[in-house]
Structures are given as C-alpha cells and as structure tokens.
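Okay, structure first, notes after.
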Amino acid sequence: MIRVLFVCHGNICRSTMAQYVLEHLVHEQGLQDCFLIDSAATSREEIGNGVHPGTARMLKKQGVPCGNHRARRIRSSEADDWDLIVGMDRANMSNLRRMLPASAHGKLRKMLEFTGSSRDVADPWYTGDFQATYDDVLAGCQGLLLELEQTGAFKAQLKNKAR
C-alpha cells in the first residue's frame, strides 16, 4: 500500500482538497485499495474543524466527493506511518522539517515539485480563489501519480492486488 499524507497550515483548505482529489483520481483508476491517503496540519489553529466551505464547494463543482474530515495536527510519532508527506508551501516544509524526526525528512516533498515547479500551492485562505488552489492541487496529484507510475510503485501495487 502506498501511504500519502498531505499537510498544510490548518488542514481545512489545501491539504484536505489534495486528500480528496488524490482519492478521487486513484478511485477512477481502480487503485483505491492500493492507497492510504490522509491530511493533517502543522498548526493547532483549526483542530476539529471541518473542511472549509470554499474547498467543499470547489470539490463538488469538480465532481470530487468530499468526506467528513476533521482537521488534525501531524504528530512526530506518525512519521513512519507514511511513504510520502507532502507539504503545500515553503512554510509547511520548514515546519515539517522542524516537527518530524530527521529520519523522515527523505519522505518530505513539496506538492508542486511533482509538476517540476518550486512554486507554493495557492492559498485560498488569503486569496479566496479556490479555483487556483484546485488547479494547483490537481496538477500536483496528477504529477505525483505519474511519478509513482514511472518509478514502478504502481506495478508492485497492481501485482499485490492481483493476488
């Protein structure tokens, strides 16, 4: 199983959007049994709060199912539970490097690196532009899946699934 955790500051906008977009993409490919996907925050500010209404509206507009996620903060003890820990921006990455043990730093990736960009995912908390965020998240998730496919991670998962 490929285990992916998306992380942003509050876990109500970008990381939850990425969680549901990737879940939708792998479901469309029939690979949902090959993935464990979740999201978390680097801060305590939104703990227990649901998905931001703007995120929920954008996901609905795009035909992406949105679950009943509640914001939570990443714990250093869960670093070994994930194959990839994907931050949305430079600040998230800095916080993750501070919060997680050094042994987990090799699992850290910035979302738009999967598209060949060093840019941050647009933050709708400040801009109100959930479309720009969705566009970034979709491109990042598609790039992540392409990278997994190119590295052979899918082949191993499909082989195990066929058993």
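Everything numeric in this text was worked out from a predicted model, so none of it was measured.
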(request) Using atom types as modelled and distance alone, determine if a side-chain donor or acceptor of Thr16 lies under 3.5 Å from a backbone N or O of Asn11. (result) no
(request) With the side chain counted from C-beta on, respond yes when Arg14 and His52 share a heavy-atom pair under 4.5 Å apart, and no when they do not. (result) no
(message) Counting neighbours of CZ on Arg119 that are heavy atoms of other residues, nucleotides or ligands and sit closer than 6.0 Å, is the number greater than 12?
(response) yes
(message) With a 4.5 Å cut-off on side-chain heavy-atom distances among I, L, V, M, F, W and Y, is there a chain of contacts connecting Met99 to Leu108?
(response) yes
(request) Treat each ILVMFWY residue as a node, draw an edge where side-chain heavy atoms are under 4.5 Å apart, and state whether Val64 and Leu31 are in one component. (result) yes
(request) State whether the side chain of Ser43 and the backbone N or O of His9 hold a donor-acceptor pair below 3.5 Å, judged by distance alone. (result) yes
(message) Tell me whether the count of non-hydrogen atoms from other residues, nucleotides or ligands lying under 6.0 Å of CZ in Arg70 goes above 12.
(response) yes
(request) Taking Asp136 for its side chain and Ala122 for its backbone only, find out whether a donor-acceptor pair lies under 3.5 Å. (result) yes
(message) Any carboxylate oxygen within less than 4.0 angstrom of a Lys/Arg side-chain nitrogen, looking at Glu113 and Lys110?
(response) no
(message) Taking Arg3 first and then Asp38, would you say they form a salt bridge - that is, a charged N and a carboxylate O separated by under 4.0 Å?
(response) no
(request) For His105, look at atom NE2 and say whether over 12 heavy atoms of other residues, nucleotides or ligands are found less than 6.0 Å away. (result) yes
(request) Check whether the side chains of Asn95 and Asn92 place a donor and an acceptor atom closer than 3.5 Å, and report yes or no. (result) no
(request) Apply the side chain to side chain contact (heavy atoms under 4.5 Å, CB included) test between Tyr20 and each candidate in Val51, Ile37, Thr55, Leu25; give the one that qualifies. (result) Val51
